[in-house]
Amino acid sequence: VKRAKLTAPGSIVIEEAGQPVPAKGQALIEVKACGVCGTDVHAFEGRHPFISPPVVPGHEFAGIIRELGPGVEGLTPGSPVTVEPSLTCGQCRPCLSGRYNICDELKVLGCQADGAMAGMIAVRADKVASLPLDMPFIQASLIEPAAVSVHALSRLDLSALSRLLIIGAGPIGLLAVQAAAAWGVEEIAVSEPLAARRNLALELGANLALSGDDKTFGDEMVQRYGRVNAMDAVLDCAGLELTIGQAVEAVAKGGQVVVVGVPPKPARVNLSLIQDRELEMVGSLMYTRPDIIKARDMIYAGQINTGQLITAVKPLEELGEVLAGLAHNPAGSIKTVITMD
Ligand SMILES: [Zn+2]
Ligand SMILES: [Zn+2]
């Protein structure tokens, strides 16, 4: 089978490899579609702290079960599926409490283990999630990033949420806009420097799009809401010192801030506002099974539109060019999906 291997920073090699054999407890998946993530781009550039080549990238994928290893029950060859790419220990305290997304030994397919930019991949059967028979694979490859957004929202007290600010209108932010709108959040503001993405956020359900410019941020908030700290909650999908600062400023007393974006370096936060306004700040990492199921169902039901997020669909052979293009111009595509045939 064909696979794309990141052999060194900047170098993707398409190679032929033997068909993987599913071990005990594994399922062999024929990959149909695999999304390209910012994580893959960072790994390609050689500036991801926890990924080092050689590795087959790809963790946002959907395909068909082709074979089952010994001891696997409840799955059927021929079924369309997506896969949770997390490899978790099942023994540590977070795992035992059900929060395996923060497993002490967490590894991710396509990052610390070979991923799905390949014709076939053997995965743990308990990480497989079924798909509706008529769900397109390209669409299903967005379940994984949508689950990231769903999980981030699940970190909030949704019953107390009528105004939400989402900072950053990349894939995670735009998926979060739609999930929040589907959940009935009345007022969704988005902050994003790129005009095209602001417009898309408005089309997908945001009520207000802010420029993200720190000089005008406060004024833009005051203009719409009469005060700067007007939001019940903020999802920071960027994770920069600038955006965390805006998040803490924009949230109302007693409100919540979720750090979703991966901070590229340590950021300072104005603790006085956290203390004085009794703000809550929590992190969000990946997702667990309920988030995957919710994301799948919302996409299938059309509550989350994926078509407008998919900028390009490319064959596996072009992965190297796709990653080089995104490294050069990260804003050039919202989501690029790779297909295997
Ligand atoms: Zn991803
Ligand atoms: Zn664990």
Side-chain angles (χ1 to χ4, degrees), residues 4 6 25 31 33-45 47-51 55-63 82-118 121 123-124 126-127 129 137-152 168-176 179 235 237-239 259-264 283-289 291-292 295-296 299 304 306 309-312 319 322-323 326-327 330 333-338:
L6 179 68
V31 181
C34 184
V36 177
C37 179
T39 303
D40 302 317
V41 180
H42 291 157
F44 179 78
E45 294 173 300
R47 58 183 187 91
H48 196 292
F50 308 120
I51 306 178
V55 70
V56 176
H59 58 270
E60 307 179 353
F61 64 105
T82 186
V83 177
E84 287 182 61
S86 57
L87 299 170
T88 49
C89 78
Q91 309 290 325
C92 68
R93 221 172 134 98
C95 276
L96 291 174
S97 71
R99 296 174 70 180
Y100 61 80
N101 57 314
I102 48 172
C103 169
D104 285 345
E105 311 289 333
L106 182 68
K107 289 195 179 93
V108 181
L109 296 176
C111 299
Q112 295 82 29
D114 281 345
M117 290 294 182
I121 183 173
V123 301
R124 262 170 50 180
D126 64 328
K127 297 291 183 182
F137 291 110
I138 290 174
Q139 189 182 59
S141 72
L142 270 88
I143 292 173
E144 195 273 354
V148 171
S149 307
V150 166
H151 184 73
I172 301 301
L174 291 168
L175 290 161
L235 297 190
C237 302
V259 182
V260 191
V262 182
S284 184
L285 177 72
M286 295 187 76
Y287 39 74
T288 57
R289 175 60 59 127
D291 306 309
I292 285 277
R296 176 195 70 190
I299 290 175
I304 292 179
T306 55
L309 304 190
I310 298 170
T311 313
L319 181 62
V322 165
L323 289 170
L326 289 170
S333 166
I334 293 175
K335 181 59 76 184
T336 300
V337 178
I338 300 294

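Atoms within each ligand, like the ligands themselves, are counted from 1 in listed order.
Taking the ring centre of F61 as origin, the terminal cationic atom of K127 falls outside the region bounded by 6.0 Å and 45° from the ring axis.
T311 approaches I334 most closely through the heavy-atom pair OG1-N, 2.7 Å. Minimum heavy-atom separation, A4 to V56: O-CG1, 3.3 Å. Of all non-hydrogen atoms in G98 and T288, the two that sit nearest each other are O-CG2, 3.8 Å. D40 and P57 make their closest contact through OD1-CB, 3.9 Å (heavy atoms, listed as atom of the first residue, atom of the second, distance).
Remark: the E144 side chain and the Y287 side chain contain an N/O donor-acceptor pair separated by less than 3.5 Å.
For the Zn ion (ligand 1), protein N/O/S neighbours under 2.8 Å (waters excluded) are C37 SG, H59 NE2, E60 OE2. Neighbouring protein atoms of the Zn ion (ligand 2) (N, O or S, distance under 2.8 Å, waters ignored): C89 SG, C92 SG, C95 SG, C103 SG.
Inter-residue side-chain proximity for I51 and H42 is flagged as unmet; no heavy-atom pair is nearer than 4.5 Å. Between I310 and L142, some side-chain heavy-atom pair lies under the 4.5 Å cut-off.
Annotation: the span from E84 atom CD to D126 atom CG amounts to 8.0 Å, rounded to 0.5 Å.
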